[in-house]
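A short worksheet on the structure shown next.
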Amino acid sequence: MHAAALLRLGRAAGVRLGDVSRRPASVVAPKSSTAGWEEEKSKDRVRWRQLEHRGPYFVPAYEPLPDGVRIVYDGKPVKLSLAAEEVATLYGKMLHQEYTTKEVFQNNFFNDWRKEMTEEERELIKHLDKCDFTEIHRHFMDKAAARKALPREEKQKLKEEAKKLQQEFGYCILDGQREKISNFKMEPPGLFCGRGNHPKMGMLKRRIRPEDVTINCGRDAKIPEPPAGHQWKEVRSDNTVMWLATWTESVQNSVKYITLNPSSKLKGQRDQQKYEAARRLKGVVGEIRSQYRADWTSPDVKKRQRAVALYFIDKLALRAGNRKEEGETADTVGCCSLRVEHVQLHAQANGCKYVVELDFLGKDSISYSNRMSVEKPVFENLQLFMKNKSPGDHVFDKLTTSSLNKHLQAWMDGLTAKVFRTYNASITLQKQLQALTHANDSQASKILAYNRANRAVAVLCNHQRAAPRTFMKSLQTLHAKIEAKKAQAAEVQVELVKAKANHLTRGDSKSRRLLQKQWQRLQKLEEQLIQLSAQVKDKEENKHVVLGTSKLSYLDPRISIAWCKKFGVPVEKVYTKTQREKFTWALDTAEDFEF
DNA sequence: GGAAACACTTAGCAGCCTAGGG
DNA sequence: CCCTAGGCTGCTAAGTGTTTCC
């Protein structure tokens with residue numbers, strides 16, 4: 001009954017405006033006779049009292065290709081209808097990308113492209129491999145090059161225009177404050193590029209019209225003007241949500257939103273709440289750990305599965321792993337969705353007992369590959385969970401993320417699987433900083449220590465990247481530098497020996513000065529060599545690791561800011577401008593802050 | 001109680017921009 | 001002063017978790 005009452009209150013707070021009938025009523029849920037926490041709860045969900053904005057910016061309409069640029073089919077140039085031509089350009093633009101070589105991409109694209117063709121076009125164009133998009137590709141490459149080669153003033157002008165657009169559409173008024181919007185431009189049409197082995201890659205992502213977009217704004221706000229000759233799908237005033245506009249994307253039928261920038265007060269508050277939850281977990285994590293260890297030997301299989309999964313989530317910072325619809329997305333997993341094929345058990349490996357090997361594709365199809373020694377009950381449980389199962393079966397077949405989260409919720413209000421990732425990331429940073437920073441070190445060494453601590457977290461969270469394109473080249477340059485220095489050092493070494501001999505025979509002050517000079521030169525070179533090889537090491541360690549993701553989403557900024565203050569490192573050395581804007585709420589943290 | 005819908009956070013990468021070396 | 005490597009930002013995909021529906 002409570003739940004039902006809550007639902008009604010929740011909906012009442014989100015009033016549909018329909019055709020702009022506006023009563024000067026409060027936006028807050030109406031007072032109901034059911035008193036106490038229910039009302040509290042519904043007030044909790046109110047995110048704002050005032051919201052005003054210009055609506056999204058729509059990208060310019062399609063501009064037809066000039067006459068000289070054509071698609072060639074089976075050796076013959078073809079002039080396409082506007083709709084078909086537009087979709088063809090989306091493919092032509094991408095010709096240099098690896099995607100277009102993939103069969104799934106090609107098939108999906110061709111399928112969707114044909115839907116845009118006229119009857120005659122469909123009759124003519126039957127095979128993608130007979131289509132030649134090179135003229136289109138060249139056209140867009142030339143255009144890009146031309147833009148790049150524009151004189152300075154012209155570029156400046158374009159920049160000014162972009163800025164103007166940002167000023168006009170890029171901000172909203174939220175509760176009296178002018179706040180930045182993160183994505184005020186509508187996504188242009190394009191070919192869907194999923195990550196990894198995505199079954200829908202190459203499908204057409206349609207152009208979104210104002211008629212597809214729902215606007216959310218304050219009841220008393222001026223309703224944003226749709227582009228001339230158009231209308232919004234709907235205008236509503238729901239102050240229990242944070243989005244300004246929404247639409248449904250055509251490939252996955254997923255809902256997309258226009259939302260506030262992380263620098264906004266509202267987003268900042270939520271970020272802070274997230275870290276506060278992680279800090280509260282710090283208080284109970286000991287108990288939770290004892291509990292799940294005890295549960296490893298429970299007679300209840302469900303409990304044992306939950307306890308082992310939670311152990312992975314805690315120890316390895318795995319994601320929860322919701323079940324996904326098969327065939328709709330790339331095949332990736334998290335903890336609760338691990339399958340037998342992702343886990344290997346070795347009773348004995350490299351002198352260690354009870355070794356578990358995990359190998360799977362996680363979020364964004366990033367590979368997770370880890371092997372570690374676990375306690376005997378974990379090992380034996382896994383053996384049991386996997387017994388008589390096929391490779392494609394779930395290891396934790398009696399567990400779902402929602403049952404796991406329900407269990408966690410009982411431990412602590414607001415506790416879910418992802419809080420463990422935040423907690424473990426932040427606590428690791430704090431501990432590593434403590435271990436690696438020395439007050440008397442140079443600023444450069446302190447920053448290096450910070451980056452090392454940051455890297456420990458990135459490795460824990462498996463924040464990987466493809467090696468940068470320029471990686472090999474820049475590493476080679478660095479190695480070349482080292483070789484040059486080494487050669488130089490060898491030369492100086494020879495000089496030094498000579499000088500030594502010279503000084504031995506002559507023994508005067510001049511020859512002595514000369515000897516000293518050579519010796520100093522050698523010292524300096526050796527120091528530089530040490531620096532350079534440290535750089536190489538740093539670079540190699542960072543080859544596949546991204547520090548930015550954990551910094552932005554998992555590390556309580558108050559830890560970093562307190563560290564900066566304590567060791568006299570300017571905050572700008574750790575956070576870029578945008579990052580400082582995101583973490584405004586934490587900038588005044590005292591140096592003795594403890595996570 | 002499970003699926004679908006919804007809301008919001010977390011994610012890697014392309015390409016632009018800019019600082020610092022030659 | 002120019003050029004280029006690497007840092008930064010914008011983009012949008014892909015997760016998590018809650019609410020609603022059946």
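So you know, we letter chains A, B, ... as the sequences are listed, proteins then strands, and number each from 1.
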By the 4.0 Å heavy-atom rule, please label [X] as base, sugar-phosphate, or nothing.
| X | answer |
| --- | --- |
| A/P262 | nothing |
| A/G321 | sugar-phosphate |
| A/A330 | nothing |
| A/N405 | sugar-phosphate |
| A/Q579 | nothing |
| A/Y554 | sugar-phosphate |
| A/I366 | sugar-phosphate |
| A/R323 | nothing |
| A/K205 | sugar-phosphate |
| A/S254 | nothing |
| A/Q252 | sugar-phosphate |

[Y]/[X] salt bridge by N-O under 4.0 Å criterion:
| X | Y | value |
| --- | --- | --- |
| A/D300 | A/K302 | no |
| A/E160 | A/K164 | no |
| A/R49 | A/D175 | no |
| A/E540 | A/K543 | no |
| A/E179 | A/K267 | no |
| A/R558 | A/E276 | yes |

Please tell me if [X] has a side-chain N or O lying less than 4.0 Å from either OP1 or OP2 of [N].
| X | N | answer |
| --- | --- | --- |
| A/S182 | C/dG10 | no |
| A/T246 | B/dA7 | no |
| A/N322 | C/dT16 | yes |
| A/K267 | B/dT9 | yes |
| A/K324 | C/dG15 | yes |
| A/T578 | C/dT9 | yes |
| A/R47 | B/dC8 | yes |
| A/H198 | C/dA13 | no |

Compute both the distance and the angle, then confirm whether A/K205 meets the cation-pi test with A/F192: under 6.0 Å from the six-membered ring centre, within 45 degrees of the axis.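 The answer is no; the distance or angle limit is not met.
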Taking the minimum atom-to-atom distance to the side chain of [X], which one of [options] wins?
| X | options | answer |
| --- | --- | --- |
| A/R195 | C/dG17, C/dG15, B/dG12 | B/dG12 |
| A/K418 | C/dT19, B/dA7, C/dT16 | C/dT16 |
| A/R465 | B/dC13, B/dT9, C/dT9 | B/dC13 |
| A/R319 | C/dG15, C/dT9, B/dA7 | C/dG15 |
| A/T549 | B/dG12, B/dT9, C/dC11 | B/dG12 |
| A/T576 | B/dA7, C/dC8, C/dG17 | C/dC8 |

For the base of B/dT10, is there a side-chain donor-acceptor partner from A/K363 under 3.5 Å away?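 Result: at least one qualifying N/O pair found.
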Using whole Å, report how far CD of A/Q464 lies from P of B/dT10.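 Distance, rounded to whole Å: 19 Å.
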Using a 4.0 Å heavy-atom cut-off, write out nucleotides 16-22 of chain B from 5' to 3' as B (base contacted by protein), S (sugar-phosphate only) or - (no contact). -------
Quick one, A/R206 with A/E249, criterion salt bridge (Lys or Arg N to Asp or Glu O under 4.0 Å). Give me CA distance, side-chain angles, the key distance, then yes/no. CA-CA 8 Å; A/R206 300 184 169 282; A/E249 161 266 350; over 6 Å; no
Quick check: are there more than 12 heavy atoms from other residues, nucleotides or ligands sitting under 6.0 Å from CD of A/Q167?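 More than 12 within 6.0 Å, yes.
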